[in-house]
Amino acid sequence: MICTEPACAKLNLALDILGKRPDGYHEMRMVMQSIDLADHVTVSTCPGKEIVVTTDLPYLPKGDGNIAAKAALWFFSSVGMEPEGLAIDIQKNVPVCAGMAGGSSDGAAVLRVLRRLYMPDMTEEQLEEIGALVGSDVPYCVRGGTVLAEGRGERLTDLPPLPPCWLVVCKPSCSVSTPELFAQVRLKKLRCHPDTAGMMNALERQDLEGIARRLYNVFEDVLPRRYAEVFVIKNELLELGAMAASMTGSGPTVFGIFQDQETAAQAAGALSKQYAAYLCRPCGAAGI
Ligand code: ATP
């Protein structure tokens with residue numbers, strides 16, 4: 001049996017850190033958005049019990065270290081099955097270590113395929129619970145679309161979809177370490193927070209300007225100076241006609257919202273001379 005599943009990247013329209021929890025994790029409040037930039041995950045069943053992962057990026061882990069394999073192992077143990085032999089092949093299109101949840105999305109795609117193959121009656125909530133065992137962003141990636149994610153990322157509330165628009169996503173060559181960035185956060189010193197409630201109202205009203213005005217990521221405020229390129233790209237996106245621009249997740253990827261396709265395509269073209277740049281559209285659950 002062979003199944004292929006898209007694994008969409010996500011952007012953060014808003015990212016807030018509310019506090020530190022007794023378990024050491026941070027209490028987050030994020031507005032997440034799937035985009036049509038996606039990896040392609042192919043799962044084939046094989047004889048034996050081994051789970052092998054191959055990707056077109058040789059430096060990514062092939063065995064249990066790959067989030068796709070971890071997701072498969074958590075799926076089998078959560079449903080009380082012995083692991084089945086699987087060959088998982090991932091065509092990576094989503095940049096790695098980019099704040100776009102590429103790995104989490106691969107894991108979520110594997111969970112969706114395994115539910116289809118072995119547990120078709122399993123609910124979305126049950127699959128998201130398994131996702132939470134794999135990683136903080138995985139429950140959201142199982143669901144996809146426009147979603148408020150709270151807690152570690154496991155408490156999900158569907159939001160109205162982002163109104164039609166174009167997104168230019170730009171990844172500088174540097175990589176930001178997520179743990180390092182969390183370590184920089186001094187909660188009492190975070191003076192600004194996103195207007196998440198206002199963003200949710202703007203989504204309700206399908207008011208793209210109101211949404212764009214409220215793009216905000218608190219991680220930008222604690223970015224060490226060596227990542228100044230993030231702000232250079234934000235400014236370039238604004239000069240190239242973006243309504244607003246923000247970093248996604250723990251960066252360093254930056255995205256801009258555009259109302260019209262032509263301006264967005266020109267901006268992506270201009271940025272691609274220097275960076276990896278993508279012209280994208282928002283999408284709903286599981287890439288639809
Ligand atoms: P997030 O937005 O959730 O913080 P990210 O976009 O910053 O994630 P990823 O690309 O999802 O980062 O993951 C990066 C790390 O995970 C790398 O260290 C990489 O080696 C490891 N990894 C394991 N499996 C995968 C995978 N399938 N795809 C990408 N990275 C993977």
Side-chain angles (χ1 to χ4, degrees), residues 4-15 17 25-26 28 30-35 37-43 51-75 86-113 131-144 147 149 151-154 156 169-185 217-220 223 227 230 246-255 276 278 280:
T4 298
E5 182 76 10
C8 293
K10 63 89 180 156
L11 298 176
N12 288 96
L13 301 181
L15 187 153
I17 303 174
Y25 287 100
H26 285 87
M28 310 295 290
M30 303 176 284
V31 179
M32 317 280 255
Q33 176 63 53
S34 301
I35 57 170
L37 177 63
D39 293 343
H40 295 289
V41 179
T42 304
V43 181
I51 298 173
V52 180
V53 182
T54 49
T55 78
D56 54 355
L57 296 181
Y59 56 85
L60 288 182
K62 293 184 174 55
D64 297 359
N66 197 293
I67 304 169
K70 272 192 204 145
L73 289 169
W74 274 115
F75 180 88
L86 298 176
I88 303 173
D89 184 59
I90 308 173
Q91 187 194 316
K92 289 295 297 180
N93 299 315
V94 178
V96 177
C97 289
M100 299 173 78
S104 302
S105 192
D106 295 341
V110 168
L111 293 180
R112 285 196 300 269
V113 167
L133 300 169
V134 185
S136 300
D137 279 343
V138 181
Y140 164 72
C141 293
V142 166
R143 185 177 297 203
V147 169
R152 277 176 61 194
E154 77 289 1
L156 304 177
V169 176
C170 183
K171 157 91 174 51
S173 53
C174 58
S175 303
V176 179
S177 149
T178 307
E180 184 198 344
L181 214 51
F182 269 115
Q184 298 285 332
V185 174
N217 180 343
V218 293
F219 275 135
E220 282 183 27
L223 260 190
Y227 302 119
V230 164
S246 180
M247 189 173 82
T248 179
S250 54
T253 306
V254 176
F255 68 98
Y278 309 84
C280 303

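On a predicted model such as this, the values are computed, not experimentally measured, just so you know. Read the numbers this way: they start at 1 and go in the same order the structure lists the ligands and their atoms.
Within the 3.5 Å criterion, the main-chain N or O of A7 finds no donor-acceptor partner in the side chain of R112. Under a 3.5 Å cut-off, the side chain of N12 and the backbone N or O of M32 do not form any donor-acceptor pair. Put simply, the side chain of T248 gets close to the backbone of G99: a donor and an acceptor are under 3.5 Å apart. Of the possible donor and acceptor atoms, one in the side chain of Y140 sits under 3.5 Å from a partner among the backbone N and O of S34. Listed for the R152 side chain is no donor-acceptor partner under 3.5 Å among the backbone atoms of M28. A donor-acceptor pair under 3.5 Å links the side-chain atoms of N217 to the main chain of M247, judged by distance alone.
In terms of protein heavy-atom proximity, atom 24 (N) of ligand 1 is nearest to I67 N, 3.1 Å. For atom 3 (O) of ligand 1, the closest non-hydrogen atom on the protein side is D137 OD2, 2.6 Å. Nearest protein heavy-atom neighbour of atom 11 (O) of ligand 1: G103 N, 2.7 Å. At the shortest separation from atom 2 (O) of ligand 1 among protein heavy atoms lies A101 N, 2.9 Å. For atom 14 (C) of ligand 1, the nearest non-hydrogen atom of the protein is C97 SG, 3.6 Å.
At a 4.0 Å cut-off, at least one heavy atom of G99 sits close enough to ligand 1 to count as contact. Using a 4.0 Å heavy-atom cutoff, G102 is listed among the residues neighbouring ligand 1. Within the 4.0 Å heavy-atom shell around ligand 1 one finds K92.
Here C97 contributes atom SG and K171 contributes atom NZ; the two are 8.0 Å apart, rounded to the nearest 0.5 Å. In this structure, the separation between CG on D89 and CG on D39 is 11.0 Å, given to the nearest 0.5 Å.
Residue contacts with ligand 1 for L60 involve side-chain atoms from C-beta outward but no N, CA, C or O (heavy atoms, distance under 4.0 Å). In S136, neither the side chain nor the backbone holds a heavy atom less than 4.0 Å from any atom of ligand 1.
Atom CG of D56 sits in a crowded spot, with more than 12 heavy atoms from other residues, nucleotides or ligands closer than 6.0 Å.
Remark: ligand 1 atoms within the under-4.0 Å shell around heavy atoms of D106 are 26 (C), 27 (N), 28 (N). Counting the atoms of ligand 1 from 1 in the order shown, those under 4.0 Å from a heavy atom of G65 are 23 (C).
For atom 29 (C) of ligand 1, the nearest protein heavy atom is under 4.0 Å away.
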